[in-house]
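Positions are given from 1 along the sequence.
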Amino acid sequence: MGALRLTAAQVRELRALSGRAERLRQGRYLAEGDHLTGEAIREGAAEALLLMEGREARFPDHLRCGLPVYLLPERAFLQVSDTKTPQGIAAVCRLPSLAGVPRLGRRIVALNAVQDPGNVGTILRTADAAGFTGVLLDESCADPFSPKALRASMGSALRVPLCVLPSLSDGLRALTGYDIIAGALDGSPFYSRSRTGEKVCLLIGNEGAGLSEDVLSLATARLRLPMRGGAESLNAAVAAAVMMYDFVRIWEENA
């Protein structure tokens, strides 16, 4: 296999990638585990592989990809890993150049201060599955390249074009000809909505506070999902999934 070794300083640098600021400084992140490593290789995001000593026989396909492979003692791998029981493989990936707002395509999900990384990753996974063409996030959102968000996205963060901006409202103002649909508890019934055009941007707000007023003011429609039971609202990722797939249903009916 011709595995390489890392210095203690290099291990410390990799360990620091658990923090958002350090990921930005280094311009890279870790995709850990069998599945995410495979996705990173397939999407061309991986620059090198990290392998725990003694796990060489478990990942023959990954190790044939032609990338440099660094062999780490178990203790060093555990220092780098974000999981309690790591599988023993990870990909060192370069952070992508984030697409500008106009390059996100015709079907966008925009996230306003969605702070749970599991929600961010799940929304990315659903957007990928539903055929949405891009995700716009503000800097108050959880980092889509954090370990938890990456695991929740199951690799979709590597495929879906992303744009992260300081202000979501500035990003929305850059959209031309879009129906900007806000999920809001004070909105009109979602399933009775008017037909949208080909270009749609679905707004999803913070888990507790919802959408900020400056973002809501840019919506062309405010829509609410029906709440038949005692719950006041849905989890942000669940609400996003319900709405995305109903848009898919309409688009396919009119294809």
Side-chain angles (χ1 to χ4, degrees), residues 1-98 111 114-125 128 135 137 139-162 164 237:
M1 180 176 59
L4 307 169
R5 296 283 179 172
L6 293 171
T7 66
Q10 289 173 317
V11 171
R12 287 195 295 271
E13 279 207 329
L14 292 171
R15 184 179 182 181
L17 292 176
S18 61
R20 185 175 196 166
E22 192 64 21
R23 288 192 291 272
L24 290 173
R25 188 190 73 80
Q26 294 189 33
R28 57 184 185 163
Y29 63 96
L30 290 182
E32 189 182 340
D34 184 14
H35 178 80
L36 284 178
T37 297
E39 291 286 339
I41 293 169
R42 281 188 288 275
E43 297 299 325
E47 295 183 326
L49 302 184
L50 307 178
L51 182 65
M52 185 191 296
E53 286 182 343
R55 305 289 175 93
E56 293 89 339
R58 296 190 181 187
F59 309 105
D61 293 337
H62 296 339
L63 300 182
R64 285 195 291 265
C65 70
L67 292 171
V69 178
Y70 292 89
L71 196 63
L72 278 72
E74 182 177 357
R75 181 178 178 183
F77 197 96
L78 290 173
Q79 290 176 339
V80 170
S81 172
D82 182 70
T83 60
K84 292 182 179 179
T85 55
Q87 294 177 338
I89 194 166
V92 183
C93 304
R94 61 186 172 276
L95 281 174
S97 298
L98 299 176
L111 307 185
V114 178
Q115 295 177 337
D116 184 276
N119 282 338
V120 169
T122 300
I123 291 169
L124 286 172
R125 183 179 180 182
D128 185 16
V135 176
L137 309 92
E139 289 181 347
S140 297
C141 288
D143 183 2
F145 297 101
S146 69
K148 186 175 180 181
L150 279 172
R151 287 195 295 271
S153 81
M154 291 294 288
S156 292
L158 302 168
R159 285 186 293 275
V160 178
L162 304 175
V164 180

Among T37, V80, L30, which residue satisfies the side-chain contact (heavy atoms from CB on, under 4.5 Å) criterion with V92?
L30
Would a 4.5 Å heavy-atom cut-off, applied to side chains only, mark [X] and [Y] as touching?
X    : Y    : value
D34  : H62  : yes
R23  : D143 : yes
L14  : Y70  : no
L150 : Y29  : yes

Closest contact, heavy atoms only, [X] versus [Y]:
X    : Y    : value
V120 : V114 : CG2-O, 3.4 Å
A149 : P144 : CB-O, 3.6 Å
A157 : F145 : O-CE2, 3.9 Å
C93  : A31  : SG-CB, 4.0 Å
Q79  : R15  : O-CG, 3.3 Å
G118 : A152 : O-CB, 3.6 Å

Taking atom [atom1] of [X] and atom [atom2] of [Y], what is their separation to the nearest 0.5 Å?
X    : Y    : atom1 : atom2 : answer
E56  : I89  : CD    : CD1   : 10.0 Å
L63  : I41  : CG    : CD1   : 8.0 Å
D128 : L158 : CG    : CG    : 9.5 Å
L124 : M154 : CG    : CE    : 13.5 Å
S18  : K148 : OG    : NZ    : 15.0 Å
S153 : L36  : OG    : CG    : 6.5 Å

List the steps, then state whether salt bridge (charged side-chain N to carboxylate O under 4.0 Å, His left out) holds for R20 with E139.
CA-CA 11 Å; R20 185 175 196 166; E139 289 181 347; over 6 Å; no
Side chain to side chain contact (heavy atoms under 4.5 Å, CB included) between L4 and V69, intermediate numbers included
CA-CA 6 Å; L4 307 169; V69 178; over 6 Å; no
Test salt bridge (Lys or Arg N to Asp or Glu O under 4.0 Å) applied to R125 - qualifying residues, sequence neighbours left out
none
Donor-acceptor pairs under 3.5 angstrom involving side-chain atoms of residues 48-55: please list them, not counting sequence neighbours.
| residue | atom | partner | partner atom | Å |
| --- | --- | --- | --- | --- |
| E53 | OE2 | R5 | NH1 | 2.5 |
| E53 | OE2 | R5 | NH2 | 3.0 |
| R55 | NH1 | P86 | O | 3.4 |
| R55 | NH1 | Q87 | O | 2.8 |

Under-4.0 Å salt bridge between R28 and E13:
yes
Tell me whether E32 contacts the main-chain N or O of D82 through its side chain, where contact means a donor paired with an acceptor under 3.5 Å.
yes
